[in-house]
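Inspection log for the structure reproduced underneath, given as structure tokens.
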Amino acid sequence: MNLPAEIISVLLYALRVAVPLLCISIAHRCFRSLKLGKRKEEPVVVLEDASSRTVLPVLYWENSIGRSRSCDIVLHDPTVSRAHAVLMRRESGWLVTDTNSRAGTLVNGKKVKQDAPVFPGDTITVGSTALTLKRTADVGVAQPQSPPRRRAASPFHLMQLVVLVQFLLFVQACFAPAKPSLEPLVPFAALLVLEWGLYFYSMKILGRVSFELETLAFLLCSVGIMLLCGEGVKTTYTQLLGVAIGTVLYCFLIWFLGSPARVMRWRVAAGVLAMLLFAANLLLAKEHNGARNWITLGPFSLQPSELIKIAFILVGASTLDRLQTYKNLTGFIAFSAICMGALFLMRDFGTACVFFVTFLIIAFMRSGSLRTISLACSVAVLGAFLILKFKPYVAERFAAWRHVWSHVNDAGGYQQVRVLSYAATGGLFGVGLGKGCLKDVFAGDSDLVFGMLCEEQGLILALTVVLILAALASSARANATRSRSTLYSISACAAGGMLLFQTCLNVFGATDVLPLTGVTLPFISLGGSSMVSVWGLLAFLKANDERTYAARRRRS
């Protein structure tokens, strides 16, 4: 029995209302669960000043000691360097290392250079200050009474909600063509296999206790893939392949990052591989839409710069193995300069901006030096001025910025005008999958996908996607002090910052708030290389969560 068109239209509208509400609920539960899973910042050991008997709590896995206010343990002693030493907690116990201080660091009167073990009762001397490491119980530090523990959301139930969202999107996709079809069943089934395969591998085989980040990633992937179904099922195959490869890379990187020592050994190889990929891009890629950032291998296309993002963060976060030092930062600056130079030769200025912002995050977190950041920004401004002066075609690309309504039908503003117009017609809940007009505009499913999402699924879902990506970056920053190593905290903040800045460039570029630079919206835009890359970046966020490796240690 065929339902009247009016009833089908009402039912589809109800589905478009339900999808963003469910997505908001899933996102809220996931981030609430991430917050509940955090370790409370309670000291396990303390440092007691021998002269003043002042007790200084030790809260983190890695604690910088020095005179600077940016240090975790601040000493008001003029003989102490601004960044003097680092007290680290490892599986083998507590270690202390000197960070190129003037007076050096001593343990029980013996000067140390590299990591030196420290036990309760040992005295650490920095400058003229002697600090004794003690357990909190030995000095009578009262532990704050913990509030009743609230249970985190069930990963299995969260995944069930994601499947419900996928089913509602699948039903909409079936009615996207003029004649209803079950072709979207293929991407829907493929998503189910991929997400539940990763769920059982992580939760049952590896015995992990958290699955919030993966749940959010599959939620976003579902929105993007089902949005593409409105154009045709064949456009989703690239995305599904990207998700499959991305989840494999995700699992590999979590294993690889499990040992900071292993990361340190392979960081040079990662940097060399990145430069080889850039060289291959410059030699083999052909110009496409003004940029040379794609390599075509038979039926497949590859964008090396997307994969190099992972290597860039890996190299940057592992350049140092101690806080507040400048060792090897010069090498990272040189590596970053090579990456930027290659991207400019490829004319991929949007990706170059993403790399530069990520460089600033890593450089500041590694050195804590505003002078380094100021110098980098000055060089970037000078470089931009020279490019605009000697490459006038670059300036022409931004000539219509903030004036797109004066360029309605020319290359300067054609795309953004359509985004603004068609996105507005979507209202809060959209016109329906496949019913929009932006899919017929060039790059509507990639660089302009935010507008397509607004048009077909509504402003509420589009903003929910953006807020989830922003919250991922915020979560990385919130977990920074609880990480087992600065390798995890810096790489997670860099990955979160990269995702957030890339999101801003995509959303604000498509809506004419910023110049259109041609970068993808993470997890949503069409592009297999981009999909693989964002799953790799997600691995850095996962490694930053203490529970990721703690669960493995309990199981082993």
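Numbering of residues begins at 1 and proceeds along the displayed sequence.
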[X] and [Y]: which non-hydrogen atoms are nearest, and at how many Å?
X	Y	value
Leu343	Ala352	CD1-CA, 3.6 Å
Leu257	Ala543	CD1-CB, 3.9 Å
Leu516	Ala510	CD1-N, 4.0 Å
Glu212	Ser33	OE2-OG, 2.6 Å
Leu541	Ala476	CD2-CB, 3.6 Å
Ile24	Ile460	CD1-CG2, 4.2 Å

Give a yes or no on whether the backbone of [Y] and the side-chain of [X] come within a donor-acceptor separation of less than 3.5 Å.
X	Y	answer
Gln415	Phe442	yes
Lys439	Met452	no
Gln239	Ser525	yes
Arg208	Ser202	no
Arg547	Ser210	no
Thr517	Gly350	no
Arg477	Ser474	no
Thr235	Leu228	yes
Glu456	Gly434	yes
Asn506	Asp447	yes

[X] [atom1] to [Y] [atom2] distance, which is reported to the nearest 0.5 Å:
X	Y	atom1	atom2	answer
Leu537	Met498	CG	CE	6.0 Å
Leu428	Leu461	CG	CG	11.5 Å
Leu227	Asp445	CG	CG	8.5 Å
Ile524	Leu453	CD1	CG	6.5 Å
Trp405	Ser421	CH2	OG	3.5 Å
Leu277	Ile295	CG	CD1	7.5 Å

Are any of the side-chain heavy atoms of [X] and [Y] separated by less than 4.5 Å?
X	Y	answer
Leu314	Ser491	no
Arg32	Arg29	no
Cys251	Leu198	yes
Val19	Phe429	no
Leu448	Arg418	no
Leu499	Leu538	no
Val532	Leu307	yes
Leu433	Cys229	no

| message | Quick one, Leu169 with Ile225, criterion side-chain contact (heavy atoms from CB on, under 4.5 Å). Give me CA distance, side-chain angles, the key distance, then yes/no. | response | CA-CA 10 Å; Leu169 290 169; Ile225 289 174; over 6 Å; no
| Can Ser530 and Thr520 be said to form a side chain to side chain donor-acceptor pair (under 3.5 Å), step by step? | CA-CA 7 Å; Ser530 174; Thr520 56; 2.9 Å; yes
| field | Tyr250: which of Trp535, Trp255, Phe218 passes ring pair (Phe, Tyr, Trp, His ring centres under 6.0 Å) | value |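 Answer after filtering Trp535, Trp255, Phe218: Trp535.
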| task | Show your reasoning for whether side-chain contact (heavy atoms from CB on, under 4.5 Å) applies to Met226 and Gln457. | result | CA-CA 11 Å; Met226 289 302 168; Gln457 288 295 293; over 6 Å; no
| request: Could you please spell out the steps behind the side-chain contact (heavy atoms from CB on, under 4.5 Å) verdict for Thr464 and Val223? | output: CA-CA 11 Å; Thr464 299; Val223 173; over 6 Å; no
| request: Show your working on side-chain contact (heavy atoms from CB on, under 4.5 Å) between Ser305 and Asp348 and close with a plain yes or no. | output: CA-CA 9 Å; Ser305 59; Asp348 194 352; 3.8 Å; yes
| said: Check Glu214 with Lys542, please: is the shortest side-chain N to carboxylate O separation under 4.0 Å? | reply: yes
| said: Would you call the rings of Phe211 and Tyr199 parallel, tilted or perpendicular, taking 30° and 60° as the class edges? | reply: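 Plane angle over 60°, so perpendicular.
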